[in-house]
A.B. asks: 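Right, I'll just put the structure down here and ask away after.
In each ligand, atom 1 is the first atom listed, and ligand 1 is the first ligand listed. Below, all heavy atoms of this structure are taken into account, side chains as well, without hydrogens, waters or symmetry copies.
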Amino acid sequence: MGKVYVLDHPLIQHKLTHIRDKNTGTKEFRELVDEVAMLMAFEITRNLPLTETTIETPVMETKAKMLAGKKIGLVPILRAGLGMVDGMLKLIPAAKVGHVGMYRDPETLEPVEYYIKLPKDISERELIVIDPMLATGGSANDAIASLKKRSAKQIRLMCLIGAPEGVKKIQEEHPDVDIYLAALDEKLDEHAYIIPGLGDAGDRLFGTK
Ligand code: URA
């Protein structure tokens, strides 16, 4: 079964509180999501392999560590996932970015895939699927299945807030996928919103409400 990591660094928790607050406006919301995504990228890249190189400091020659150049791909789920991409790219600037477009059918609440564009070499990359809200898990589940169908081998899922229902769904359907959250909330309400949550992440990011 995939592991769940709650990245509860104090800075992440503090910023998330402002993100949740309904009085936080679009500009500040967007900036905070960007910052939290950057902090989460710091945590999620702890496992990156290092290699040793030789450099000369102004004082002497020395051996020093460098990233071994593991290939990473970020895959935001449109549209709310876009809000976390720039923050992550600040720390992982060489990552390639694919996009998966999903929307939730308002009647059935089922996710529908309407767009997909990925780097060619996804089978060689460690992919990080990004979506701020892991609610029912429907979109993330379908996005991950889409990536696997296209021969992705290593996938992790990164969200701001998860609900136990969404976590369970991903763990059942994709036991090879670890989940990284800034917070694990209580449950879903009758409209499949996460409670306490933060409302509609896409609307709050893009000011469409
Ligand atoms: N999507 C959101 O944007 N918010 C939720 O609470 C659930 C799904």
A.B. asks: Using the rule side-chain hydrogen bond (donor to acceptor under 3.5 Å, both in side chains), only one of Asp200, Asp203, Thr26 pairs with Thr208; which is it?
C.D. replies: Asp203
A.B. asks: Examine the proximity of ligand 1 to Ala201 and report which part, side chain or backbone, both or neither, has a heavy atom under 4.0 Å away.
C.D. replies: both
A.B. asks: With heavy-atom distances below 4.0 Å as the criterion, list the atoms of ligand 1 near Tyr193.
C.D. replies: 4 (N), 5 (C), 6 (O), 7 (C)
A.B. asks: Need the ligand 1 atom indices (1-based, order shown) with element for anything under 4.0 Å from a heavy-atom of Ile194.
C.D. replies: 5 (C), 6 (O), 7 (C)
A.B. asks: Looking only at heavy atoms, which two atoms of Gly137 and Ile170 are closest? And how far apart?
C.D. replies: O-CD1, 3.8 Å
A.B. asks: Go through the steps to decide whether Leu160 and Met40 satisfy the test side-chain contact (heavy atoms from CB on, under 4.5 Å), and finish with yes or no.
C.D. replies: CA-CA 9 Å; Leu160 284 184; Met40 291 181 81; 4.1 Å; yes
A.B. asks: Heavy-atom contacts under 4.0 Å between Pro132 and ligand 1: side chain, backbone, both, or neither?
C.D. replies: neither
A.B. asks: Can you see which heavy atom on Ile122 is nearest to which on Arg150, and at what distance?
C.D. replies: CD1-O, 3.3 Å
A.B. asks: If you measure every N/O of Ala135 against every N/O of ligand 1, is any gap under 3.5 Å?
C.D. replies: no
A.B. asks: Sort out for me which residue in Ile12, Val36, Thr24 forms a side-chain contact (heavy atoms from CB on, under 4.5 Å) with Ile19.
C.D. replies: Val36
A.B. asks: Would you check whether Met133 has a nitrogen or oxygen atom less than 3.5 angstrom from a nitrogen or oxygen atom of ligand 1?
C.D. replies: no
A.B. asks: Mind checking whether Ala163 has a heavy atom under 4.0 Å from ligand 1?
C.D. replies: no
A.B. asks: Considering both backbone and side-chain atoms of Gly199, is one of its nitrogen or oxygen atoms within less than 3.5 Å of a nitrogen or oxygen in ligand 1?
C.D. replies: yes
A.B. asks: If you count the non-hydrogen atoms of other residues, nucleotides and ligands that lie under 6.0 Å from CZ in Phe206, is the total more than 12?
C.D. replies: yes
